[in-house]
Amino acid sequence: MATKYSRQREEIKAYLCSRTDHPTADNVYTAIRKKLPNISLGTVYRNLTLLAEQGEIVRLHLGDGIDHFDHDTSLHYHFVCKQCGSITDFPLAYGNFPSDISDADFTGKIEGHVTYFYGTCAHCLQNTTQKGLTL
Ligand code: ZN
Ligand code: MN
């Protein structure tokens, strides 16, 4: 039985590693079912939670109320498109923002921060512009 459970976890981890779009548990479930037809959404969710607790993957909260998962555990920023909902890595070195953190009037120990950027992605921006031109 332990083999079955670790196989499920390995498949879930492998799927996440093949994605750069930060899938939801639902997305993972839909994809994994093609390989493991008997798996349930609950099992997928439990495995994602376990992997996140073990630090093998990261659970992201990006303001849309749905958990997204990232195989990239390095500290990095994300960009959320308000039009299409896509989530991409934001190309800014972690820690460059906010730059004045050492000036903050705070004497505790800071271990990190969570920031996400949002707006319109390049793809949606192009579509909007094209629609604008044909009107
Ligand atoms: Zn978009
Ligand atoms: Mn990411």
Side-chain angles (χ1 to χ4, degrees):
M1 289 308 272
T3 317
K4 179 184 155 194
Y5 292 132
S6 50
R7 161 104 200 276
Q8 292 175 336
R9 203 161 306 142
E10 274 166 28
E11 289 289 351
I12 290 168
K13 176 92 189 281
Y15 173 70
L16 263 190
C17 286
S18 75
R19 311 294 308 187
T20 56
D21 59 349
H22 311 86
T24 64
D26 260 331
N27 299 150
V28 175
Y29 172 61
T30 303
I32 287 292
R33 263 177 69 192
K34 289 170 191 156
K35 267 193 169 176
L36 307 172
N38 296 322
I39 203 163
S40 70
L41 176 59
T43 300
V44 168
Y45 200 79
R46 271 194 299 280
N47 276 292
L48 287 167
T49 299
L50 193 72
L51 285 165
E53 280 169 4
Q54 290 172 339
E56 288 197 45
I57 62 170
V58 180
R59 180 195 298 267
L60 303 168
H61 306 282
L62 300 166
D64 60 0
I66 308 163
D67 290 351
H68 293 266
F69 296 90
D70 196 347
H71 71 274
D72 184 354
T73 58
S74 68
L75 294 170
H76 61 282
Y77 296 115
H78 293 99
F79 178 84
V80 181
C81 176
K82 289 171 78 180
Q83 296 199 28
C84 69
S86 67
I87 295 163
T88 49
D89 289 343
F90 190 76
L92 173 71
Y94 185 87
N96 284 0
F97 175 89
S99 57
D100 54 355
I101 193 76
S102 56
D103 297 335
D105 186 15
F106 177 73
T107 50
K109 181 173 176 275
I110 295 166
E111 293 178 0
H113 64 274
V114 177
T115 295
Y116 63 88
F117 299 86
Y118 58 87
T120 309
C121 75
H123 184 75
C124 288
L125 206 57
Q126 201 181 22
N127 282 352
T128 309
T129 311
Q130 279 170 356
K131 272 182 205 154
L133 285 172
T134 52
L135 278 171

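Ligands are counted one by one from 1 in listed order, and the atoms in each one are counted from 1 as well.
With hydrogens and angles disregarded, a donor-acceptor distance shorter than 3.5 Å links the side chain of Asn27 to the backbone of Thr24. The main-chain N or O of His22 is found under 3.5 Å from a side-chain atom of His68 such that the two form a donor-acceptor pair. Under the 3.5 Å distance criterion, the side-chain polar atoms of His76 are matched with a main-chain donor or acceptor of Ser74.
Taking the ring centroids of His113 and Tyr94, they lie under the 6.0 Å cut-off.
A distance of 4.0 Å separates CZ in Arg59 from CZ in Phe69, rounded to the nearest 0.5 Å.
Protein N/O/S atoms closer to the Zn ion (ligand 1) than 2.8 Å number 4 in this structure.
Under a cut-off of 6.0 angstrom, the local environment of NE2 in His61 is crowded, with over 12 non-hydrogen atoms contributed by other residues, nucleotides or ligands. Residue Tyr118 places its OH atom among 12 or fewer non-hydrogen atoms of other residues, nucleotides or ligands, all under 6.0 Å distant.
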Tabulate below the donor-acceptor pairs under 3.5 Å that side-chain atoms of residues 33-41 make, not counting sequence neighbours, or state none.
{"unit_1": "Lys35", "atom_1": "NZ", "unit_2": "Glu11", "atom_2": "OE1", "d": "3.4"}
{"unit_1": "Ser40", "atom_1": "OG", "unit_2": "Thr43", "atom_2": "N", "d": "3.1"}
{"unit_1": "Ser40", "atom_1": "OG", "unit_2": "Thr43", "atom_2": "OG1", "d": "2.9"}

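For the Mn ion (ligand 2), the neighbouring protein N/O/S atoms at less than 2.8 Å, given as residue and atom, are His22 NE2, Asp70 OD2, His76 NE2, His78 NE2, Asp89 OD1.
Contacts of Asp21 classified as salt bridge (Lys or Arg N to Asp or Glu O under 4.0 Å), with partners at least two apart in sequence or in another chain: Arg19.
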